[in-house]
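This report refers to the structure that appears directly beneath it.
The chains referred to below are lettered A, B, ... by the order of the sequence lines, with proteins before strands, and numbering in each begins at 1.
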Amino acid sequence: MNMRLRFAPSPTGYLHVGGARTAIFNWLFARKEGGVLVLRIEDTDRVRSSEEHTKVILDGLTWLGVDWDEGPFFQSEGVERHRADATRLLEEGKAYRDFTDTAAMRLEAKERGMHPSRVVREKMMDLGAESAKQRAEAGEPFAIRLLVPDGETVFDDLVHGEMRFGNDDIDDLVILRSDGTPTYNLAVVSDDADMRITHVLRGDDHLSNAPKQVLLYRALGYPEPVFAHVPLILGSDGRKLSKRHGAMAVGDYAEEGIVPEAMMNFLALLGWSPGDDRELMTREELLGAFGMERLLKSASVFDIDKLEWLNGRHLDAYSDEELAKCLRDLLQEDDSFCSGFLDDVNWLSELLGLIKPRARRLDQLAEQARPFVCQNLHFDMKAVEKHLNKDPGAAIKRLQSLYETFRGADWTREELEVSLRDLASQMEVGAGKLIHPLRIALTGNMASPGIFDVLYLLGRERSLSRIEDAVERINLR
RNA sequence: GCCCCGGUCGUCUAAUGGUUAGGACACCAGGUUUUCAACCUGGCAAUCGGAGUUCGAUUCUCCGUCGGGGUACCA
C-alpha cells in the first residue's frame with residue numbers, strides 16, 4: 001500500500017513554527033518512505049481565511065524546502081461530500097437531527113449534571129426519527145449529531161502507543177451545523193478518507209479529536225489511518241508559544257536572516273533526535289536519519305539561541321557566490337552600496353572569511369559587510385564619543401599621523417602593521433591608542449575584523465579618505 | 001469540574017533494571033588578541049515528589065504534583 005500523508009494548515013496569515021515543524025515531519029517521513037505528501041488548506045473558517053493568507057503559508061513551506069506532491073486542495077471544495085457523509089450517517093441511524101436550542105440545553109445539562117450532548121440525545125431520541133423527519137421536512141432548521149455508541153474507543157498512535165477513551169466522555173458531536181455547513185471533525189475525516197490518507201501526523205493538540213474522528217471513520221465505514229501526534233513547541237517559559245515569546249512565524253525568522261537549512265535542522269531536532277550526538281545536519285542527513293520511532297512524547301521549548309548557533313554553522317556551508325547574492329539583497333536599499341566590490345571573487349572571499357565568524361545571521365553578515373561595500377558609514381555614537389570626541393586634540397593628531405604614515409606605505413597587511421606600530425612607539429603610546437580611533441574612522445564601529453585586514457580590504461584610497469573624513473568630523477563638532 | 005498527554009542539566013537531547021547519567025546550546029573561567037567575534041582548554045549544571053515491584057530503579061507500577069492539550073453548531 002502506498003503511504004499517503006498530508007499537511008493541513010489553516011490559512012491564518014502566517015506559517016507558525018509549530019505548523020512548520022509538523023510539515024517538516026510529514027515531509028521527512030513521506031520522502032524517506034517514498035510516500036505521497038498532500039497539502040490541504042483548511043479554509044472552512046471563512047472569516048479567517050483568505051487567498052493572501054494561503055499564499056503566505058505556501059511561501060513559507062517553499063522557503064523551508066518542504067515540497068508537496070498533490071494539492072493544495074481546499075477543504076471548502078469538499079462541502080458537498082461532507083454534507084453527503086453527514087446525511088448518510090443520518091439515514092443509517094448513526095447520527096440524528098438536533099432541533100434543540102444550545103443555550104437551553106447547556107443550562108439543563110448543568111442542572112442535571114450531564115453532558116449537554118447527552119441531554120440533547122435524550123430529547124431527540126424521545127422525539128423519534130419519524131417526527132424528526134417531519135419537522136425537518138416542514139423546514140425547521142436542525143444540526144446533525146453523531147450518535148456516539150456505548151463502549152470504548154481504542155486506537156493506536158505511533159508516538160503514544162495505544163490510546164483508550166471511554167465513549168461516555170465523548171460528546172455526540174455536531175457534524176453538520178444547522179446552516180448546512182460541516183464541522184471540523186467531519187470535514188477532516190471525510191477529506192482524509194477521500195484523499196486515501198494512510199498516516200495522520202499532526203500536533204498533540206489534536207489528540208483529543210482523534211477518538212471522535214476514529215468514531216467517524218468507523219461509522220462511515222472508511223479505512224482508518226495510522227495516527228501520530230507529535231508534541232507541541234512551547235515558549236521559553238514553558239507556556240504555549242505566543243507573540244510575547246517573539247517571532248512565531250517562519251517568515252519572521254527568514255527576515256531576521258535565518259536560513260532555511262538551519263530552520264529545518266533546528267525544528268526537526270525539536271521532538272525528534274537521530275539517536276546519536278549529531279546536531280548539525282543537512283537536509284539529506286535528516287532524511288537519512290529520520291524515523292517515526294524516534295519521535296519524542298514530550299513538548300519542547302523553542303530556543304532561539306540554539307537556532308542562531310545552528311544558523312551560523314549552516315552559513316559556513318554557504319558558498320561565496322550565495323552569500324554575495326544575500327548581501328546584494330540585503331544591502332540594495334542602501335544608496336551608497338557599491339555592489340561592484342562583490343564581483344571581485346578574491347576580495348569577496350577575503351571579506352567573507354573575516355566577517356562570517358562574526359555573524360550568525362544573514363542580517364548580521366550584511367551589517368558586518370556594510371563598511372566594506374557602502375560609501376556611507378553608520379557611526380556608532382558611543383564609539384565616536386569614546387575614541388574621537390573625548391580627547392579631540394589627541395584623536396586628530398593620531399589620525400593625521402596615521403594618514404601621513406600610511407600615505408607612503410606599501411598596502412600590505414605586514415607593512416601597514418609595522419608602520420602603525422612604529423608610529424605608536426615614536427609617539428610613545430600603546431598601539432591601541434591609534435587602533436581604536438582608526439577603527440572608528442574606517443568602519444564607524446567599535447568592533448570590526450582585525451584592523452590591518454580592514455585597511456587592506458578597504459584599500460589605500462578609501463582608507464585614507466575615511467581618515468580624512470574622521471578628522472573633519474571631529475573638527476566640525 | 002471532567003477527559004487526555006507529558007516531566008533527565010536553564011534549554012534541546014542521549015542512555016540504561018547495575019554508567020563517574022553522555023553530547024550540544026547557553027552561562028562562567030582561562031588561553032589567544034588591537035576591538036568584537038571565531039577558535040582552543042577547563043568548569044558549573046539534571047533523572048519532579050512519595051510509595052510499591054526488585055538484590056538493585058532515572059528506567060517498570062500506582063498515587064500526588066507541576067506543565068500542556070481538549071472539553072464549541074472554532075479549526
Over how many whole Å does the gap from Lys212(A) atom NZ to C73(B) atom C1' extend?
13 Å
Between Asp380(A) and Lys382(A), does any side-chain N to carboxylate O distance fall below 4.0 Å?
no
Using a 3.5 Å cut-off and no angle test, enumerate the donor-acceptor pairs between side-chain atoms of residues 146-155 of chain A and protein atoms at least two apart in sequence or in another chain.
unit_1	atom_1	unit_2	atom_2	d
Glu152(A)	OE1	Arg164(A)	NH1	2.7
Glu152(A)	OE2	Arg164(A)	NH1	3.4
Thr153(A)	OG1	Asn167(A)	OD1	2.6

Between N or O atoms, less than 3.5 Å apart, protein on one side and nucleotides 5-10 of chain B on the other: list the pairs.
unit_1	atom_1	unit_2	atom_2	d
C5(B)	O3'	His160(A)	ND1	3.1

Please table the atom pairs, donor to acceptor, closer than 3.5 Å between any side-chain atom in residues 291-303 of chain A and protein atoms at least two apart or in another chain.
unit_1	atom_1	unit_2	atom_2	d
Arg294(A)	NE	Ser273(A)	O	3.1
Asp303(A)	OD1	Asp305(A)	N	3.1

State whether a side-chain donor-acceptor pair under 3.5 Å links Tyr96(A) with Asp172(A).
yes
Check the distance between U34(B)'s P and Leu402(A)'s CG and give it to me in whole angstrom.
16 Å
So Asn209(A), base contact, sugar-phosphate only, or nothing? Heavy-atom distance under 4.0 Å.
base
So, using salt bridge (charged side-chain N to carboxylate O under 4.0 Å, His left out) as the criterion, who are the partners of Asp205(A) when residues are at least two apart?
none
With sugar-phosphate meaning primed atoms plus P, OP1 and OP2, does Arg278(A) contact a base, only sugar-phosphate, or nothing at under 4.0 Å between heavy atoms?
nothing
Distance, rounded to the nearest Å, where Met281(A) contributes CE and C12(B) contributes P:
19 Å
With respect to the side chain of Ser448(A), which nucleotide from C25(B), U35(B), A72(B) is positioned closest?
U35(B)
Full working for salt bridge (Lys or Arg N to Asp or Glu O under 4.0 Å) between Arg112(A) and Glu122(A):
CA-CA 13 Å; Arg112(A) 296 170 57 187; Glu122(A) 190 184 281; 3.1 Å; yes
Neighbours of RNA chain B within residues 16-23 of chain A, by heavy-atom distance under 4.0 Å
none
Atom pair distance, as rounded to whole Å: CZ in Phe302(A) and P in C25(B)
18 Å
Would you list the atom pairs, donor with acceptor, under 3.5 Å between side chains in residues 17-26 of chain A and any protein atom, with sequence neighbours excluded?
unit_1	atom_1	unit_2	atom_2	d
Arg21(A)	NH1	Leu270(A)	O	2.5
Arg21(A)	NH2	Pro231(A)	O	2.2
Thr22(A)	OG1	Gly18(A)	O	3.1
Asn26(A)	ND2	Thr22(A)	O	3.0
Asn26(A)	ND2	Leu201(A)	O	3.0

May I ask you to say what Ala431(A) touches in the nucleic acid, namely base, sugar-phosphate or nothing, with a heavy-atom cut-off under 4.0 Å?
nothing
Quick one: label Ser178(A) by what it contacts on the DNA or RNA (base, sugar-phosphate, nothing), any heavy atom closer than 4.0 Å.
base
With side-chain hydrogen bond (donor to acceptor under 3.5 Å, both in side chains) as the rule and sequence neighbours excluded, what pairs involving residues 439-449 of chain A come up?
Arg439(A)-Ser448(A)
Touch class at under 4.0 angstrom, heavy-atom based, for Thr153(A) against every strand present:
nothing
Before accepting this row, confirm whether a basic side-chain N of the pair Arg361(A)/Glu308(A) lies closer than 4.0 Å to the acidic partner's carboxylate O.
yes
Dump the pairs, protein N or O against N or O of nucleotides 37-43 of chain B, anything under 3.5 Å, distances to one decimal.
unit_1	atom_1	unit_2	atom_2	d
A37(B)	O2'	Pro357(A)	O	2.6
A38(B)	O4'	Pro357(A)	O	3.3

Given the P atoms of G50(B) and U16(B), what is the spacing between them in whole Å?
25 Å
Would you say the side-chain atoms of Gln213(A) and Asn185(A) include a donor-acceptor pair closer than 3.5 Å?
yes
Find the distance Phe266(A):CZ to U11(B):P and express it as a whole number of Å.
14 Å
If you measure from the P atom in G69(B) to the same atom in U59(B), how many Å do you get, rounded?
27 Å
For Arg283(A), salt bridge (charged side-chain N to carboxylate O under 4.0 Å, His left out) partners two or more places apart
none
Applying the 3.5 Å cut-off to both distances, the Watson-Crick or G-U partner of U16(B) turns out to be none
Can you give me the N/O atom pairs linking the protein to nucleotides 14-17 of chain B at distances under 3.5 Å, or say none if there are none?
unit_1	atom_1	unit_2	atom_2	d
A14(B)	OP1	Ser273(A)	OG	3.1
A15(B)	OP1	Arg294(A)	NH2	3.3

For the side chain of Ser300(A), counting heavy atoms from C-beta on, which of C36(B), G69(B), C12(B) is nearest?
C12(B)
Whichever of Pro449(A) and Phe142(A) has the more 5' nearest nucleotide on RNA chain B, that residue is Pro449(A)
Closest approach of Leu269(A) and Pro274(A), non-hydrogen atoms and distance?
CD1-CD, 4.0 Å
Between His229(A) and Asp157(A), do the side chains contain a donor N or O and an acceptor N or O under 3.5 Å apart?
yes
Nearest-angstrom distance from the residue atom CG of Leu270(A) to P of U13(B)
5 Å
Straight-line distance of Met427(A) CE to Lys397(A) NZ, nearest 0.5 Å:
4.0 Å
Can you find a side chain N or O atom of Arg106(A) that sits less than 4.0 Å from OP1 or OP2 on C73(B)?
yes
May I ask which nucleotide in the shown strands pairs with G67(B), Watson-Crick or G-U wobble, both distances under 3.5 Å?
C5(B)
Is His206(A) touching bases, backbone alone, or none of the nucleic acid, heavy atoms closer than 4.0 Å?
base
Should C27(B) form a Watson-Crick or G-U wobble pair with both distances under 3.5 Å, which nucleotide is its partner?
G43(B)
Hey, what do you get for CG (Leu330(A)) to CZ (Arg370(A)), rounding to the nearest 0.5 Å?
9.0 Å
Step by step, would you call Leu323(A) with Leu362(A) a side-chain contact (heavy atoms from CB on, under 4.5 Å)?
CA-CA 8 Å; Leu323(A) 291 175; Leu362(A) 287 174; 4.1 Å; yes
Residue pairs fulfilling salt bridge (charged side-chain N to carboxylate O under 4.0 Å, His left out) with at least one residue in residues 446-456 of chain A, sequence neighbours excluded:
Arg413(A)-Asp453(A)
Nearest whole Å is fine: how far is G69(B) C1' from Asp169(A) CG?
15 Å
Using a 4.0 Å heavy-atom cut-off, does Gly271(A) contact any base of the nucleic acid, only the sugar-phosphate backbone, or nothing at all?
sugar-phosphate
Output the single nucleotide from A75(B), C2(B), C73(B) whose closest atom is nearest the side chain of Asn185(A).
A75(B)
Do other residues, nucleotides or ligands put more than 12 heavy atoms under 6.0 Å from the CD atom of Glu428(A)?
no
Where along residues 450-460 of chain A does a heavy atom come under 4.0 Å from RNA chain B, residue by residue in number order?
Gly450(A), Ile451(A), Phe452(A)
